[in-house]
Amino acid sequence: MSAKRIGILTGGGDVPGLNSVIKTVVYRSTEIGCEVIGLRRGWEALTHVNLGDEASRTRYILPLNRDNTRNIDRTGGTYLHSSRTNPSKMKKLPPHLAGKEFPKSESTKDGATTVSYDVSSQVLCNLKTLNLDYLIAIGGDDTLSYAGTLDKLGIKVIAIPKTMDNDVRNTEYCIGFSTAISRATEAIERQRTTVGSHERIGIFRIFGRDAGYTALYTAYVSSMRCCIPEYKFDLHKLFDLLMTDKRSNPSNYSLVVLSEGADWQNHELKEKGEADAYGHRKKVNVGEELSYEIQKTLGEETIVSDLTYDLRSGSPDFVDKMVANTFAGMAVDCIEHNQSGLMMAISHGSYAAVAIPDPKLGPRKVDVESMYNVERYRPSYKDKLGLPIFLTRA
């Protein structure tokens, strides 16, 4: 195989395990004579870099080797940094592209019209100038949606899924998920003592804007109530369950974990702030909203704990290190065999190379019928015989 130049980037929110992917890609690539170029700050590297300016190249382009990646897998975060950049819908052009013509679209909301630019032609130009033969994109739904766009434009792309939400289609597991569950479980176990000491209702908010896997699996291993975006719960029924739990607990407390996108019947969780590059606005804290309703209706005191960003930090656990290293090795195997347009995945419990998901299908959702007990607002523990280790099939 002739020597190849491989670009690699991380996009969207960081998760534990990203640096393990980066290091393994570099080490495995050197074994087959390939050169690896780090693209810093996600897709922003390919939209904002001015390759004619040395300072810009230094900011966005980082050649990777065994020396500068030797110990990066010992920490969390991403060595290459990240951003939420969508080259298909840029609201503002970087200075060095000002005045150039790009396809644009307009959208109007609440009387305000915004213009966005598709700078994919510039991305293609930069990839060509950098002489990159392959591109490895590590990300969640949003980052990988643009990876799919580049694949259709003729770029040789390999995708690696990562998200604590575990909601990327075509795979049963995404890097970061196991560590998120481990951290959430540890945090809840620590806070039980405080919630119990004050005899309150403990409310924990966790990641999961569109899919409830993180809350569901945290509840699965912690034996507690949970509410997920896929099922709008009955508020007063939840009150009854939590009060029953509280009365039957010798320490007179109860717990519930909520996905950030969970909501109850006849209620619409509000959003706030500006939309990000992929059109997402932050949701108001459903934990605080539920706390208000509990205090207003039941007169019970609560403790609300937002676990979201704490789950991102620190080193990955064993599962995320193992999956990250394996996905990375698989990606380089694909490149060695001249394969592209694929995402590294776990399918039916086995490692697999699958199609990059179609973004039009949206995120993968919890199957409520088989995974969630709508009567008890708990995970379903029955009928697991024969399922893959992560209890779902891609």
Side-chain angles (χ1 to χ4, degrees), residues 13 15 140-141 161-189 191-192 201-235 237-238 241-242 245 254-265 269 283 285-287 290 304-308 310-312 317 319-320 323 346 349 362-394:
V15 300
D141 281 317
K162 65 87 199 165
T163 171
M164 288 176 289
D165 294 354
N166 204 40
D167 62 352
V168 174
R169 284 184 179 268
N170 298 354
T171 183
E172 291 152 13
Y173 191 83
C174 302
I175 296 166
F177 182 60
S178 176
T179 307
I181 303 303
S182 299
R183 295 260 165 79
T185 303
E186 291 165 2
I188 291 169
E189 289 305 309
Q191 292 184 45
R192 277 181 186 270
I201 296 174
I203 302 170
F204 299 91
R205 178 178 179 258
I206 205 168
F207 279 114
R209 178 188 179 86
D210 300 302
Y213 290 103
T214 313
L216 186 75
Y217 282 59
T218 298
Y220 192 93
V221 297
S222 301
S223 299
M224 58 191 295
R225 310 287 177 184
C226 66
C227 300
I228 59 177
E230 291 87 347
Y231 185 83
K232 280 207 168 194
F233 61 92
D234 181 310
L235 187 62
K237 181 175 180 176
L238 179 64
L241 290 169
L242 290 174
D245 290 346
S254 59
L255 304 174
V256 61
V257 60
L258 310 171
S259 300
E260 61 182 310
D263 204 357
W264 54 90
Q265 296 168 11
L269 196 63
K283 291 184 179 291
N285 190 321
V286 65
L290 179 61
V304 180
S305 185
D306 192 335
L307 302 180
T308 50
D310 188 47
L311 309 186
R312 289 196 187 282
D317 67 9
V319 173
D320 277 322
V323 175
I346 293 179
R364 185 172 69 105
K365 302 291 187 75
V366 169
D367 179 37
V368 172
E369 183 177 355
S370 64
M371 301 182 72
Y372 187 62
N373 188 324
V374 299
E375 296 300 321
R376 303 183 66 203
Y377 298 158
R378 289 184 182 274
S380 174
Y381 292 90
K382 66 176 185 177
D383 299 329
K384 304 304 181 189
L385 187 65
L387 287 179
I389 187 170
F390 295 112
L391 306 178
T392 61
R393 289 190 174 92

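If you're wondering where the values come from, they're calculated on a predicted model, not measured in any experiment.
We find the OH-CG distance between Tyr377 and Asp234 to be 5.0 Å, quoted to the nearest 0.5 Å. Note: Ser370 OG to Leu387 CG = 8.0 Å, rounded to the nearest 0.5 Å. Rounding to the nearest 0.5 Å places CZ of Phe207 at 8.0 Å from CG of Asp306. For the atom pair CG (Leu311) and CG (Leu307), the distance works out to 6.0 Å, reported to the nearest 0.5 Å. The distance from the CG atom of Leu238 to the CG atom of Leu258 is 7.5 Å, given to the nearest 0.5 Å. Note: Ile181 CD1 to Thr214 OG1 = 5.0 Å, rounded to the nearest 0.5 Å.
Take Arg192 and apply the salt bridge (Lys or Arg N to Asp or Glu O under 4.0 Å) test, not counting sequence neighbours, and it matches Glu189. Scored by the side chain to side chain contact (heavy atoms under 4.5 Å, CB included) test, Thr392 finds Glu172, Tyr213, Tyr217, Arg364, Met371 as partners (sequence neighbours excluded).
Listed here is the closest heavy atom pair of Tyr372 and Arg378: CD1-O, 3.5 Å. Across all their heavy atoms, Ile188 and Met224 have their closest contact at CD1-SD, 4.0 Å. The shortest non-hydrogen separation linking Ala211 to Glu230 is CA-OE2, 3.1 Å. Closest approach of Leu269 and Ala262 over heavy atoms only: CD2-O, 3.8 Å. Heavy-atom minimum distance, Asp141 versus Pro363: OD2-CB, 3.3 Å. Nearest approach of Val286 to Ser259, heavy atoms of both residues: CG1-O, 3.5 Å.
A salt bridge links Arg205 to Glu260: at least one charged side-chain nitrogen sits closer than 4.0 Å to a carboxylate oxygen.
Screening residues 176-188 for side chain to side chain donor-acceptor pair (under 3.5 Å), with sequence neighbours left out, gives Ser178-Asp317, Thr179-Asp317, Thr179-Asp320, Ser182-Asp317.
A donor-acceptor pair is defined here as one N or O able to donate and one able to accept, closer than 3.5 Å; such a pair exists between the side chain of Asn166 and the backbone of Cys174. Side-chain atoms of Tyr381 come within 3.5 Å of backbone atoms of Tyr220 as a donor-acceptor pair (strictly under, hydrogens ignored).
Of the residues Leu290, Leu255, Val257, the one that meets the side-chain contact (heavy atoms from CB on, under 4.5 Å) test with Ile203 is Leu290.
Applying the 6.0 Å contact sphere to NZ of Lys382 captures no more than 12 heavy atoms from other residues, nucleotides or ligands.
Put simply, the side chain of Pro229 does not reach to within 4.5 Å of the side chain of Arg209, judged on heavy atoms.
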- Message: With side-chain contact (heavy atoms from CB on, under 4.5 Å) as the criterion, how do Cys226 and Thr218 come out once you've worked through the C-alpha distance, each side chain's angles and the decisive distance to 0.1 Å?
- Response: CA-CA 9 Å; Cys226 66; Thr218 298; over 6 Å; no
